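Values below: every heavy atom of this structure, side chains too, minus hydrogens, waters and symmetry copies. Quick note on labels: first sequence line is chain A, next is B, and so on, each numbered from 1. This is a predicted model, so every value here is computed, not measured.
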Amino acid sequence: DAGVIQSPRHEVTEMGQEVTLRCKPISGHDYLFWYRQTMMRGLELLIYFNNNVPIDDSGMPEDRFSAKMPNASFSTLKIQPSEPRDSAVYFCAILSNWDTGYTFGSGTRLTVV
Amino acid sequence: AQSVTQLGSHVSVSEGALVLLRCNYSSSVPPYLFWYVQYPNQGLQLLLKYTSAATLVKGINGFEAEFKKSETSFHLTKPSAHMSDAAEYFCAVSGSGSARQLTFGSGTQLTVLP
């Protein structure tokens, strides 16, 4: 998924620690999305941005979660403090236009122990 | 609000047989519809999309889907399954208005039997 680079690919952390997930869109876009995937809940939208402005954060589960997009080329999703139930795969995606559709990164697999 | 229902969380077909994965949507505005495939431990790859052009959409790897407004369906088909098609498939809907979020179905795990 050359359009979106996510880091790290894997993260293992202890409960209570702060976790920061990073997303770097390579190609141009107007929209950026953060999704979470779990076995129980499937793919859930957490938050999305339009031109770096948060549009809908109703999917952010708690105040422990926060997301920023300081510029068009970078976004972060932070969890503080982390809990075991936050263990999931977190995806970043972009939308440039309807011709290209939504492009997803490879995801960050987060494990909180 | 948009929603997607995928009928059948697991589908098994024999190699060479027809693949049919079902997707029904609910949308208050003309929808844009997508099928994504996810291989184990990988991200989501776009198979095909419907964005109000031709109702029969052809995608990658021999897959196609037909948008049927009267049935609110967007089923995914492939005439002949290959072992490499084994993966999880997600149908998703996005509104064409100001809301741009993609809403996913629960996914269908496709198994291809030799």
Side-chain angles (χ1 to χ4, degrees), chain A residues 1-7 9-10 21 23 25-27 29-51 53-60 67 88-111, chain B residues 1-10 23 25 29-54 57-60 63 65 67 74 76 87-109:
Chain A
D1 299 319
V4 181
I5 304 297
Q6 290 187 247
S7 62
R9 288 297 308 274
H10 302 274
L21 311 182
C23 175
I26 302 300
S27 53
H29 63 279
D30 292 328
Y31 295 86
L32 184 141
F33 307 81
W34 282 99
Y35 282 87
R36 177 171 69 175
Q37 185 178 33
T38 61
M39 289 290 292
M40 293 296 295
R41 301 176 67 88
L43 280 153
E44 306 172 275
L45 175 70
L46 298 177
I47 185 172
Y48 79 96
F49 297 83
N50 178 209
N51 293 326
V53 176
I55 301 300
D56 183 354
D57 65 354
S58 59
M60 297 285 263
V89 181
Y90 292 80
F91 288 104
C92 178
I94 60 172
L95 174 64
S96 303
N97 54 66
W98 293 120
D99 286 336
T100 56
Y102 299 78
T103 301
F104 283 77
S106 298
T108 295
R109 182 174 296 275
L110 173 65
T111 303
Chain B
Q2 292 90 19
S3 66
V4 171
T5 301
Q6 291 185 242
L7 299 176
S9 58
H10 292 84
C23 172
Y25 70 90
V29 297
Y32 289 175
L33 295 157
F34 304 80
W35 276 100
Y36 283 85
V37 61
Q38 185 178 34
Y39 298 98
N41 299 315
Q42 294 190 25
L44 293 121
Q45 180 182 10
L46 179 66
L47 277 177
L48 49 79
K49 62 184 185 298
Y50 167 77
T51 55
S52 72
V57 182
K58 294 186 184 298
I60 62 171
F63 284 94
F67 172 68
F74 191 57
L76 182 71
E88 187 150 26
Y89 292 79
F90 293 92
C91 182
V93 62
S94 173
S96 56
S98 60
R100 288 288 190 269
Q101 65 267 41
L102 202 56
T103 302
F104 286 89
S106 54
T108 297
Q109 182 68 46

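Atom CD in B:Gln38 sits 6.5 Å away from atom CG in A:Leu43 (nearest 0.5 Å). Here the straight-line distance linking atom OG1 of A:Thr100 with atom CG of B:Leu46 works out to 9.0 Å at 0.5 Å rounding. Going from atom CG of B:Asn41 over to atom OG of A:Ser106 covers 11.0 Å, rounded to the nearest 0.5 Å. Here OG1 of B:Thr51 is found 10.0 Å from CG of A:Asn97. Values are rounded to the nearest 0.5 Å. Taken from NZ in B:Lys49 to CG in A:Asp99, the straight-line distance is 6.0 Å, to the nearest 0.5 Å.
A heavy-atom distance below 4.5 Å is found between the side chains of B:Phe90 and A:Gln37. Within the 4.5 Å cutoff, no side-chain heavy atoms of A:Phe33 are placed close to those of B:Leu102. Within the 4.5 Å cutoff, no side-chain heavy atoms of A:Tyr102 are placed close to those of B:Gln101.
Contacts of A:Arg41 with chain B are absent, with no heavy-atom separation under 4.5 Å from either backbone or side chain. Using a 4.5 Å cut-off between heavy atoms, A:Asn50 makes no contact with chain B at all. Using a 4.5 Å cut-off between heavy atoms, B:Ser106 does not touch chain A at all.
Classification of the A:Trp98-B:Phe34 ring pair by plane angle, with boundaries at 30° and 60°, yields tilted.
What you find for A:Tyr48 and B:Arg100 is that their closest heavy atoms are OH-N, 3.4 Å.
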